[in-house]
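For reference, the structure is listed below as C-alpha cells.
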Amino acid sequence: MCPFIETIRIKQGKACNLSYHNERLNDTRRHFWPGCPDIELDKYLKLTPEMDGMKCRVIYDGGGIKEISYAAYRMRPVHSLRLVYSDDIDYTYKSTDREVLNRLFACRGEQDDVLIVRRGLLTDTSIANIALFDGKDWVTPKSPLLRGTCRMALMDEGVIKEKDIRPEELSSYSFVRLFNAMIEWGALELSTGTIYE
C-alpha cells in the first residue's frame, strides 16, 4: 500500500484549514489501520512567520508521519478543461499513488486539465474540487473523487452547496471554480464554455 499525503497551504506563517487536514489524516489512518493513535499535525509542523505562499507536504502511513517538506507554490494556469469518463475511478483517500489520475490527465488533448465524469456525474479535475455558478448559488458535486479540506471548509461556511451535476447540465451554469488546499477560493475561475467534450 502506498503512503498517504496531506498538502497544506502555509499563509503568513500559519497552516490553513489545519483542523480539516487533521480530521482527514486521522480518518484515513483509522480506516486502514484501526486502533492506531490519532496524530495532531501542529506538533510536527515547523512554521515561521516568514513562510507565506508555501506548500507543506506531509506523507504518512499507519506508522505515523514519514516525511514533511516545504516548498514555494506556484499555481499552474488552467484555461480550459476536457471531459473524461471513468466509472471505476476511486480516489477516496488522498494517496501518493496518482497513477489513475495521471492516466486521465494524459487524455486532456489541447486542454489544460480534465474534468472527470464518473457514472454520469461530474466529480473533480485531476488536481482540484470544482464548484459551478447557476446565477445564484455555487454548487459542488455531491460525489467528488476526494472530499477536499477546502471543500469541507467552504461547505461548513455555507459558501457552496452539494448537488448531483451531469455533463449535459453544464449549459445551466456560467462559471466553474477550481479549488483545493493550495488554490484559494476564487483564484481560478473559468467560463463553462471552456469545458470541452
Side-chain angles (χ1 to χ4, degrees), residues 1-11 13-48 51 54-73 76 84-106 113-119 121-131 140-157 159-160 162 164 178-185:
M1 179 186 301
C2 286
F4 296 91
I5 185 169
E6 287 296 322
T7 305
I8 305 167
R9 180 164 46 96
I10 309 300
K11 187 173 182 178
K14 297 194 179 339
C16 299
N17 292 327
L18 191 59
S19 63
Y20 293 96
H21 288 286
N22 261 326
E23 181 182 345
R24 185 169 64 185
L25 176 147
N26 288 309
D27 284 349
T28 299
R29 281 171 41 88
R30 282 191 291 268
H31 176 81
F32 289 100
W33 300 280
C36 69
D38 280 359
I39 289 173
E40 293 297 327
L41 281 169
D42 60 347
K43 294 179 180 172
Y44 293 86
L45 303 183
K46 309 285 187 221
L47 305 180
T48 62
M51 296 171 82
M54 299 199 66
K55 175 168 75 171
C56 171
R57 284 171 42 102
V58 178
I59 297 175
Y60 67 96
D61 62 14
I65 304 291
K66 296 296 166 200
E67 177 187 330
I68 298 179
S69 60
Y70 303 89
Y73 175 73
R76 182 182 63 175
V84 296
Y85 296 79
S86 177
D87 287 347
D88 300 323
I89 187 171
D90 183 5
Y91 196 66
T92 305
Y93 299 96
K94 190 172 170 66
S95 166
T96 56
D97 180 6
R98 290 180 49 88
E99 182 182 341
V100 64
L101 293 171
N102 292 339
R103 211 166 39 239
L104 292 173
F105 180 72
D113 202 344
V114 294
L115 177 50
I116 300 161
V117 180
R118 179 177 58 188
R119 299 179 199 119
L121 298 172
L122 298 183
T123 61
D124 299 328
T125 73
S126 72
I127 59 161
N129 292 131
I130 65 161
T140 193
K142 192 182 284 187
S143 301
L145 297 181
L146 180 71
R147 296 187 184 281
T149 54
C150 184
R151 180 185 182 276
M152 289 187 282
L154 289 168
M155 286 191 58
D156 285 350
E157 294 163 10
V159 175
I160 58 175
E162 284 186 316
D164 284 335
L178 280 59
F179 56 95
N180 61 25
M182 297 306 301
I183 302 171
E184 293 188 74
W185 175 249

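Please read these numbers as outputs of a predicted model, since none were measured by experiment.
A donor-acceptor pair under 3.5 Å is absent between the side-chain atoms of Arg57 and the main chain of Ala71, judged by distance alone. A distance-only check finds a donor-acceptor pair linking the side chain of Thr96 to the backbone of Pro3 [under 3.5 Å]. Checked by atom type and distance alone, the side chain of Asn129 never pairs as donor or acceptor with a backbone atom of Asn180 at under 3.5 Å. Listed for the Arg29 side chain is a donor-acceptor partner under 3.5 Å among the backbone atoms of Asp61. Tyr60 places no side-chain N or O within 3.5 Å of a backbone atom of Glu6 that could act as its donor or acceptor partner.
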Let's go through Arg30 and Asp27 carefully: what are the C-alpha distance in whole Å and the side-chain angles of both, what is the deciding distance for salt bridge (charged side-chain N to carboxylate O under 4.0 Å, His left out) to 0.1 Å, and is it a yes or a no?
CA-CA 5 Å; Arg30 282 191 291 268; Asp27 284 349; 2.6 Å; yes

Leu101/Ile116 under side chain to side chain contact (heavy atoms under 4.5 Å, CB included): CA gap, chis, key distance, verdict:
CA-CA 9 Å; Leu101 293 171; Ile116 300 161; 3.9 Å; yes

What's the verdict on side chain to side chain contact (heavy atoms under 4.5 Å, CB included) for Arg9 and Thr149, showing C-alpha distance, side-chain angles and the deciding distance?
CA-CA 11 Å; Arg9 180 164 46 96; Thr149 54; over 6 Å; no

With side chain to side chain contact (heavy atoms under 4.5 Å, CB included) as the criterion, how do Val58 and Tyr44 come out once you've worked through the C-alpha distance, each side chain's angles and the decisive distance to 0.1 Å?
CA-CA 9 Å; Val58 178; Tyr44 293 86; over 6 Å; no

Pair Ile65, Leu41 - check side chain to side chain contact (heavy atoms under 4.5 Å, CB included), show working.
CA-CA 9 Å; Ile65 304 291; Leu41 281 169; 4.0 Å; yes

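Separating the CE atom in Met152 from the CE atom in Met155 is a distance of 10.0 Å, to the nearest 0.5 Å. Atom CG of residue Asp42 and atom CG of residue Leu18 lie 6.0 Å apart, to the nearest 0.5 angstrom. For the atom pair Ile89 CD1 and Leu145 CG, the distance stands at 5.0 Å (nearest 0.5 Å). For the atom pair CD1 (Ile127) and CG (Asp113), the distance works out to 5.5 Å, reported to the nearest 0.5 Å. Separation of atoms OG (Ser143) and CG (Leu121) is listed at 6.5 Å; rounding is to 0.5 Å.
Using modelled atom types and a 3.5 Å distance limit, the side chains of Asp97 and Ser95 yield no donor-acceptor pair. Side chain to side chain, Asp124 and Tyr91 fail the donor-acceptor criterion of an N or O pair below 3.5 Å.
Looking at every heavy atom in both residues, His21 comes nearest to Thr7 through CE1-O, 3.0 Å.
Checking Phe179, Tyr20, Trp185 one by one against Arg151, the side chain to side chain contact (heavy atoms under 4.5 Å, CB included) holds for a single residue, Phe179.
Taking the charged nitrogens against the carboxylate oxygens, Arg147 and Glu162 do have a contact shorter than 4.0 Å, which makes a salt bridge.
Ring pair Trp33/Phe4 is perpendicular by interplanar angle, where above 60° counts as perpendicular and below 30° as parallel.
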